[in-house]
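Some notes on the structure that comes next.
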Amino acid sequence: MVRPRAPVDSIARRGLQWGCWFCKLANGYRGSPAGDVPGKRVRAAGRRSPQCEPPAAPLYRAGTEGNGMENDSLERLRHSAAHVMAQAVQELFPEAKLAIGPPIQDGFYYDFEVARPFTPEDLARIEERMRAIIAEDHPITRSEMSREEAIRFFEERQQPYKVELIREIPEETVSLYAQDSFIDLCRGPHLDSTGEIKAVKLLSVAGAYWRGNEKNQMLQRIYGTAWPSTEDLDAYLANLAERERRDHRRLGKELDLYSIHEEAGAGLIFWHPKGAMVRHLIEQFWKEEHLKRGYQFLYTPHIASEELFRISGHLEQYAESMYGPLDIEGQRYRLKPMNCPGHIMIYKTHLRSYRDLPLRYAELGTVYRFERSGTLTGMLRVRGFTQDDAHIFCTPEQLVGEVVGVLDFVDFVMRRFGYTYKAYLATRPEKSIGSDAVWEHATRSLVEAMESRGLNYEVDPGGGVFYGPKIDIKLYDALGREWQGPTVQADANLPERFDVTYVGPDGNEHRAVMIHRVVLGSMERFVGGLIEHYAGAFPLWLAPVQAILLPIAERHGDYAHQVAAALRAAGLRVEVDDRSEKTGFKIREAQLQKIPYMLVMGDREVEQGSVSVRSRDAGDLGAMSVEGFLSKAQAEIAAA
RNA sequence: GCCGACGUAGCUCAGUGGCCAGAGCAGCGCAUUCGUAAUGCGCGGGUCAAGGGUUCGACUCCCUUCGUCGGCUCCA
């Protein structure tokens, strides 16, 4: 319930997975056996190490900076909290089988196999029991066992997941951590005693497949959070509340931006006038900036014969994300899941010379991709969306320079919206097409481009698309959350499949290289993210209504409409609220609608030909002339 | 898709195995013409997601479907 919906994306999640992988490796040790085992027995069985430190625990860290995981002491705290939770569960549900329980960003979780899913009441009981365990301040001790010993140990305790984990641990010795009557397979490190956990709270329960594989048993995962002090916990909970306040689904409704309809189908966005205005403004900006950078615009069809997607390889590689065929006069058509094949069609309408390259084709292309019902989320995860897609056709020699150009563009756009970002290099995935040499060249070019810009990056192994490696940019919003951002993909495979060529200076045909890139991503997701980033308070240049005019009494209505006309003529988006309501009420409503400026006008203003300006953020700014307000607004827009 | 929770007026929510299902906000009408976050009074509005079933009787119990939310998985 309170659990934050992570806006995060692949990398972050993949990061998490790496974490899990390391945990697993380490940690086969992580689960925990039944609580009926006295710690002494273990001690007898294993050698007790002097302190609660693993001998030389390699540092593992999941994910990236800013995800809260770099703080080892927090990790330790949360890891121990997970153990305490497991102990509580074990005591309250003795038949529970323990799986894994790692620390994660902002908290921890533990997976259990239980006969009946946990209820909110169960969570309350578990939490209560945890508090008792913490209050009792049990020392946490580390011990070791041989693999065989450990396997026997957990088999006796009927902990099959632990046994499975241990079997995969290469080392001959595994470590265990114990507190009170509870002992768990775990690499550690941990706190010295349960009493060091100062603030803990369980947040939610959810189903989770054993090892994330849907072919496996579904376990019950309890998420919790733990902090060094109650102040920290409170701050975190306040942050959660803030995220909820900013949730684009809530604001989308309150600000009348978009809707989704059961009658129309899940994952399909209907843009209301105000949402459409925001999108329009972004698109306008997008178009202007593309023209400045030598892009040309295209429009391509939403459906195409299957043949096109057979050639492109989508049918083969991407079928599970595509909708089924449409029968059109006996021919099979498909909704397009990507825009690239269409752009290639246009490229191929002429013989292209090296003198023509690079060709930069851009389209706000609407694509449809199948997403499983359980994954749909507001505007962030939908089934039909418009990508700000572009394909750059160039020579292999131009590749690096073009990628640099895209990275510059990305930087410019992200600054405009106030996002900071971080780059990842996603390398060849298992399911992919093309030769090693081609992948190698493409990957090297991306690296070169990033290095020439001095852009730091991390590697995301196997994170590339089936046709080529990519640079993924992750954005960080006003709350420091990570979002999926721009991507740049180098592709030598589609050009091959479609035989995309140009005539070189030597008069021979050469294979063109293609760059796929999006800057905003999908308009749906980008706007959804922006809503949360700005908490619905769009900057002046993006605000669907920039100013609302508030005549105090009926007799000021004419003047208000006059001023409104003047402001509109100057290009501002303004409305007049001439209802017979009190000014305080109108202000309240305008404020709730997050309209940047409210222009109050009564007898004084009419007489002086002025407006009294109230800012959404700063309150009453006092009176100024209409022209004064106009130039102030225009300056603010220009400064964006 | 899977696990769990949920789906009552435009919105946010309350509600009981059986008179005509409620509140606040919004809407409409009337009055008010009021200077920086809610003027007053009145009125209208719901096939209680949809479809089946159990029952003398269901919004309330069961099943199915659709959708939403939190996760798993995947991606823009």
Side-chain angles (χ1 to χ4, degrees), chain A residues 1-6 9-11 13-14 17 109 111 116-120 203-223 247 249-250 253-254 256 260-267 318 320-321 337-338 365 367 369-389 463 465 472 483-487 518 520-526 528-529 550-557 578-592 598-605 612-616 619-622:
Chain A
M1 350 147 245
V2 213
R3 174 131 245 275
R5 174 195 41 62
D9 250 338
S10 46
I11 289 282
R13 300 217 175 183
R14 239 173 261 136
Q17 283 171 13
Y109 69 79
D111 287 345
R116 160 184 74 78
F118 295 113
T119 63
L203 299 174
S204 65
V205 211
Y209 299 104
W210 167 234
R211 303 190 144 175
N213 185 333
E214 57 193 277
K215 301 223 164 45
N216 290 341
Q217 171 79 29
M218 172 144 315
L219 308 172
Q220 291 298 311
R221 173 172 298 177
I222 302 178
Y223 284 96
D247 191 305
R249 291 166 297 191
R250 173 204 190 90
K253 215 175 275 181
E254 287 175 4
D256 198 14
I260 296 177
H261 302 271
E262 194 170 329
E263 303 87 319
Y318 206 70
E320 57 194 26
S321 296
M338 292 189 192
V367 298
R369 298 182 188 172
F370 171 70
E371 295 290 350
R372 299 195 287 182
S373 58
T375 67
L376 302 172
T377 310
M379 301 180 102
L380 301 183
R381 185 141 206 89
V382 296
R383 286 177 171 163
F385 56 95
T386 300
Q387 277 183 307
D388 71 313
D389 215 350
V465 206
D472 268 320
W483 296 78
Q484 168 67 47
T487 84
V518 299
L520 306 177
S522 93
M523 297 309 297
E524 285 74 7
R525 172 177 287 179
F526 190 75
L550 310 179
I552 300 232
E554 225 167 87
R555 62 178 179 281
H556 309 121
D578 55 7
R579 294 174 302 171
S580 107
E581 295 288 350
K582 297 173 94 164
T583 305
F585 179 78
K586 294 180 184 179
I587 286 172
R588 176 184 158 76
E589 287 208 332
Q591 194 74 41
L592 291 175
M598 290 149 257
L599 307 182
V600 179
M601 43 200 68
D603 291 335
R604 276 204 307 273
E605 289 76 11
S612 280
V613 181
R614 180 190 165 93
S615 139
R616 163 184 74 188
D620 193 351
L621 301 180

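Only a predicted model underlies this, so the values are computations on that prediction, with no experimental measurement involved. Protein chains get the first letters and strands the later ones, always in sequence-line order, with residue 1 at the start of each. Computation of the quantities below employed the complete heavy-atom set of this structure, encompassing side-chain atoms and omitting hydrogens, waters and symmetry-equivalent molecules.
For A/D603, the salt bridge (Lys or Arg N to Asp or Glu O under 4.0 Å) partners two or more places apart in sequence, or in a different chain, are A/R555. In this structure A/E214 satisfies the side chain to side chain donor-acceptor pair (under 3.5 Å) test together with A/R372, sequence neighbours excluded. In this structure A/F385 satisfies the ring-ring contact (aromatic ring centres under 6.0 Å, His included) test with no other residue, sequence neighbours excluded.
Between B/rC72, B/rA76, B/rG1, one nucleotide has an atom nearer to the side chain of A/R372 than all others, and that is B/rG1.
Using a 4.0 Å heavy-atom distance criterion, A/G521 is classed as a sugar-phosphate-only contact. No engagement by A/G557 is indicated, since no non-hydrogen atom pair under 4.0 Å with the nucleic acid exists. Counting non-hydrogen atoms under 4.0 angstrom, A/V367 reaches nothing in the nucleic acid.
Comparing the P positions of B/rC59 and B/rU47 gives an interatomic distance of 13 Å, to the nearest angstrom. Only the P atoms considered, B/rC62 is 11 Å distant from B/rC6, to the nearest whole Å. Comparing the same atom, C1', in B/rG18 and in B/rU55 gives a spacing of 11 Å after rounding to whole Å. Taking the C1' atom of each, B/rC30 and B/rG35 are spaced 25 Å apart, rounded to whole Å. For the C1' atom pair drawn from B/rA14 and B/rA31, the interatomic distance equals 32 Å after rounding to whole Å. Going from the P atom of B/rA38 to that of B/rC19 covers 42 Å, rounded to whole Å.
Here the closest heavy-atom approach between residue A/G265 and residue A/I260 is recorded as O-CG2, 4.2 Å. Closest heavy-atom contact between A/E605 and A/S612: OE2-OG, 2.6 Å.
For RNA chain B, each stem of at least three Watson-Crick or G-U pairs (distances under 3.5 Å) is given as range with range: B:1-7 with B:66-72, B:10-13 with B:22-25, B:27-31 with B:39-43, B:49-53 with B:61-65.
Within the 4.0 Å cut-off from OP1 or OP2 of B/rC72, at least one side-chain nitrogen or oxygen of A/Y223 is found.
In this structure, A/P117 and A/K253 both approach RNA chain B, and ranking their closest nucleotides by distance from the 5' end singles out A/P117.
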Acceptor/donor pairs from residues 580-590 of chain A side chains to any protein atom, 3.5 angstrom cut, sequence neighbours excluded:
| from | atom 1 | to | atom 2 | distance (Å) |
| --- | --- | --- | --- | --- |
| A/K586 | NZ | A/P551 | O | 3.1 |
| A/K586 | NZ | A/D577 | O | 2.9 |
| A/K586 | NZ | A/R579 | O | 3.0 |
| A/E589 | OE1 | A/R579 | NH1 | 3.4 |
| A/E589 | OE1 | A/R579 | NH2 | 2.7 |

Checklist entry - Can you give one letter per nucleotide of nucleotides 34-46 of chain B, 5' to 3': B if a protein heavy atom sits under 4.0 Å from the base, S if only from the sugar-phosphate, - if neither? => result BBBBBB-------
